[in-house]
Amino acid sequence: MKVLYNDGRVEECPAEEEIHVLRHSAAHILAQAVKRLYPHADFGYGPATENGFYYDIDLGDTKLSEEDLPAIEAEMKKICKENLKFSTFELPRAEAIALMEERKESYKVEHIGDLPEDSRITFFQQGEYIDMCVGPHLLYTKALKAFKLTTISGAYWKANKDNKMLTRINGIAFPTKEELAEYERLQEEAAKRDHRKIGREMDLFMLRDEAPGFPFFLPRGMEVYNALLEYWHEIHREAGYVEVKTPLIMNRHLWETSGHWDHYKDNMYSTSIDEEEFCVKPMNCPGGVLVYASKPHSYRELPMRVGELGLVHRHEMRGALHGLFRVRAFTQDDAHIFMRPDQIADEIQGVVNLIDQVYSKFGFDYFIELSTRPEDSMGSDEDWEAATNGLRTALERMGLEYTVNEGDGAFYGPKIDFHLRDCLGRTWQCGTIQLDFQMPQNFDLEFMDADGERKRPIMIHRVCFGSIERFIGILTEHFAGKFPTWLAPVQVKVLPVSEKTREYAKEIGAKLEEAGVRVVVDERDEKIGYKIREARGVERVPYMLILGEQERDGGYISVRDRSNETVQSSLEDFLDKIGTEIAERL
């Protein structure tokens, strides 16, 4: 695909950049369509993104809704049919400001004003529409063949909550109509799997206006939650971890020492106790550090692997909240490893293997990113280089492929992020390993080395699930609520066909419960067909035992699974089967 660069060159675009150019051009065509329909529109930013494109627009008193998107999309299609040519030109800063003022683009004027005085600004134009941009772009609007506007949301100008809220129009674009159709199919499937919808149907959790961003887990949701925690405890005991619990609230001085107050305070909740300022913890690590610092340590004790299922609170903007995926309170499956420098590679390898074990259990594959030093960071160049090289060395020693995500590390150290893929191909960042030289230094942590000298330990921060709540949301959508037997909130539902078999159903249910199976006996006076449809379609139960007079008289059970296959079985054989699935977490 040939594209137009901002110096006027027309060249073949590298294949990996084509989708970005396509979506960036779509953003310009979107803005042109909006300007035709709403001449008073004032444009902010309009980039391509990893998943599509958007434009932030100030429409004054005009309020758009998603009902307006078809008209805007129709105007975009009209512009594409006009086959307008993209062209580019450059202006000195002063002339660029004059041009944008003439076109009443106040946000562009402000943006250019932020640039150095000797800047030269490049513009791209198609038809009557002109936009400042570095490009590249398509050669003609007709080259945009497959796109769709998806949602309308709000966004602050320059992502600053003190600035005006603009209207953000979001869209998606693909090289072919077939790819767009496949995207729409996946979106429809994702809507069916929406964890908020399934969570309501299965009575897993609820969200209330009285507590925005603070989910309520219901009894059946707690069964899933606790099953995950039991698994977490088991694999961590096997991996040599001990467990602690640290306070929810600690004083501000602690968070100043850790660096969180300077780098994270806008996301922290605080309160006053006895005329002293305290913070509700957004992270578990400072509490874990205090546990380590509570007594002297020898080199023989290291590594110390200390886990904590800690409840943390973070202030998220209300508009960003989304089911269990973005909340204000969640449980991190945290662990902090204190170690000698010579143990770094081995400990990172151990954590990578643990995370791989967890993701394999649920059938996820994943890819790895190495995230490096951000602009807002603490510590010396030497420490950052040593920490980053430590992570890189561990990954390369294990022969693991990874990409580098420049500038996306934590403020106290670089990190390895694990991005898992679900059954729809969506990616989720969950597991992380962060190597930290700073916090041991800030808290003056020590251990006595073999030579009798006091040395500084190195610290790893790591999570497997990430957030228990978010991971449950991911699992709910990945499995469409059809959790594996060991994780299902109700593992067996016993369905008596009539009043005559109700007592037999109770007997079977009692024996299942005694064997440790999560079972419900449906004694309602409903038709058996209705009970089956509800158990299978709404509650998504792995097994239904359908008990009529024939089963009662013969002393056996009819077992129906999610594939709708029904087989006759003795209770003993069924208990062996389901017992294995639960014990081995199948």
Side-chain angles (χ1 to χ4, degrees), residues 182 185-199 201-202 204-205 220-221 223-236 238-239 323-325 333 350-369 398-403 416-433 462-492 518 536-537 539-543 561-565 577-586:
E182 175 62 11
R185 184 192 70 78
L186 290 175
Q187 289 300 107
E188 290 176 6
E189 182 62 27
K192 295 176 186 176
R193 293 170 178 262
D194 190 319
H195 72 284
R196 296 167 297 182
K197 169 179 173 288
I198 293 173
E201 292 173 351
M202 296 180 65
L204 301 179
F205 65 91
R220 291 191 177 180
E223 296 287 4
V224 180
Y225 196 101
N226 288 330
L228 279 177
L229 296 196
E230 288 170 10
Y231 175 57
W232 187 93
H233 282 117
E234 180 181 303
I235 61 176
H236 282 77
E238 293 172 352
L324 298 180
F325 290 160
D333 67 315
V351 175
V352 170
N353 289 337
L354 188 67
I355 291 174
D356 178 76
Q357 178 184 350
V358 169
Y359 290 175
S360 298
K361 172 61 67 178
F362 299 101
F364 292 123
D365 65 350
Y366 58 87
F367 63 92
I368 297 173
E369 283 185 344
M398 297 178 71
L400 296 173
E401 294 184 4
Y402 65 92
T403 58
I416 298 170
D417 287 328
F418 295 78
H419 298 262
L420 61 84
R421 291 187 183 89
D422 67 12
C423 64
L424 296 182
R426 300 173 299 182
T427 59
W428 309 89
Q429 194 275 305
C430 292
T432 186
I433 306 171
R462 50 107 292 196
V463 295
C464 296
F465 297 139
S467 153
I468 303 296
E469 288 77 0
R470 183 167 177 263
F471 199 73
I472 289 174
I474 293 169
L475 290 176
T476 301
E477 298 201 359
H478 178 64
F479 292 116
K482 298 175 182 178
F483 296 105
T485 302
W486 71 273
L487 199 56
V490 177
Q491 295 162 329
V492 176
R518 294 191 287 273
R536 182 169 180 264
E539 299 178 73
R540 300 162 173 86
V541 177
Y543 293 104
D561 61 19
R562 286 177 176 144
S563 69
N564 221 23
E565 181 182 357
K577 172 182 169 61
I578 196 170
T580 299
E581 292 181 13
I582 294 169
E584 298 183 9
R585 295 191 171 93
L586 301 176

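Keep in mind the model is a prediction, meaning the values are calculated, not measured. Because only heavy atoms are used, hydrogens play no part in the values below, and waters and symmetry mates are left out as well, while side chains stay in. Along the sequence shown, residues are numbered consecutively beginning with 1.
- In this structure, Pro489 and Met202 approach most closely via the heavy-atom pair CG-CE, 4.1 Å.
- Annotation: the span from Thr476 atom OG1 to Leu487 atom CG amounts to 8.5 Å, rounded to 0.5 Å.
- Between the side chain of Asp561 and the main chain of Tyr543, no donor-acceptor pair closer than 3.5 Å is present.
- Ring orientation note: the planes of His195 and Phe325 are tilted relative to one another, at an angle of 30° to 60°.
- The CG atom of Leu229 lies 7.5 Å from the CZ atom of Phe465; values are rounded to the nearest 0.5 Å.
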Quick one, Phe471 with Phe362, criterion ring-ring contact (aromatic ring centres under 6.0 Å, His included). Give me CA distance, side-chain angles, the key distance, then yes/no.
CA-CA 11 Å; Phe471 199 73; Phe362 299 101; 5.4 Å; yes
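- Heavy-atom minimum distance, Pro542 versus Val490: CD-O, 3.2 Å.
- More than 12 heavy atoms of other residues, nucleotides or ligands lie within 6.0 Å of CD in Glu238, so this atom counts as buried by the packing criterion.
- A distance of 4.5 Å separates CG in Asn353 from CE in Met398, rounded to the nearest 0.5 Å.
- Between the side chain of His478 and the main chain of Ile474, no donor-acceptor pair closer than 3.5 Å is present.
- A donor-acceptor pair under 3.5 Å is formed between the side chain of Gln491 and the backbone N or O of Thr485.
- Between Arg185 and the options Gln187, Glu189, Glu182, a side chain to side chain donor-acceptor pair (under 3.5 Å) holds for only Glu182.
- Arg562 contributes no side-chain N or O that, together with a main-chain N or O of Arg536, makes up a donor-acceptor pair within less than 3.5 Å.
- Counting only distance, with no hydrogens or angles, the side chain of Thr427 and the backbone of Leu420 share no donor-acceptor pair below 3.5 Å.
- Two rings, from Tyr231 and Trp486, have their centers less than 6.0 Å apart.
- With rounding to the nearest 0.5 angstrom, the CZ atom of Arg220 is 4.5 Å from the CD atom of Glu539.
- Side-chain contact check for Glu469 versus Tyr225: some heavy-atom pair is nearer than 4.5 Å.
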Report the C-alpha distance between Lys192 and Glu188 in whole Å, list the side-chain angles of each, state the deciding distance to 0.1 Å, and finish with yes or no for salt bridge (Lys or Arg N to Asp or Glu O under 4.0 Å).
CA-CA 6 Å; Lys192 295 176 186 176; Glu188 290 176 6; 5.8 Å; no
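- With values rounded to the nearest 0.5 angstrom, Ile472 atom CD1 is found 8.5 Å from Leu204 atom CG.
- Considering only heavy atoms from C-beta on, Asp333 stays 4.5 Å or farther from Leu228 through its side chain.
- In this structure, Asp356 and Phe418 have side chains that are not in contact, with every pair of non-hydrogen atoms separated by 4.5 Å or more.
- Across Val351 and Arg462, no two heavy atoms sit closer than the pair CG1-CD, 3.7 Å.
- For the pair Tyr359 and Cys464, the tightest heavy-atom approach, listed with the atom from each and the gap, is OH-O, 3.2 Å.
- A distance of 7.5 Å separates CZ of Phe483 from CD1 of Ile198, quoted to the nearest 0.5 Å.
- Listed here is the closest heavy atom pair of Arg426 and Ala190: NH1-CB, 3.8 Å.
- Nearest heavy atom pair, residue Leu324 against residue Gly473, reads CD1-N, 4.0 Å.
- Looking at Phe367, Tyr366, Tyr402 one by one, the single match for ring pair (Phe, Tyr, Trp, His ring centres under 6.0 Å) with His419 turns out to be Phe367.
- For Arg540 (side chain) and Lys482 (main-chain N/O), no donor-acceptor pair under 3.5 Å exists by modelled atom type.
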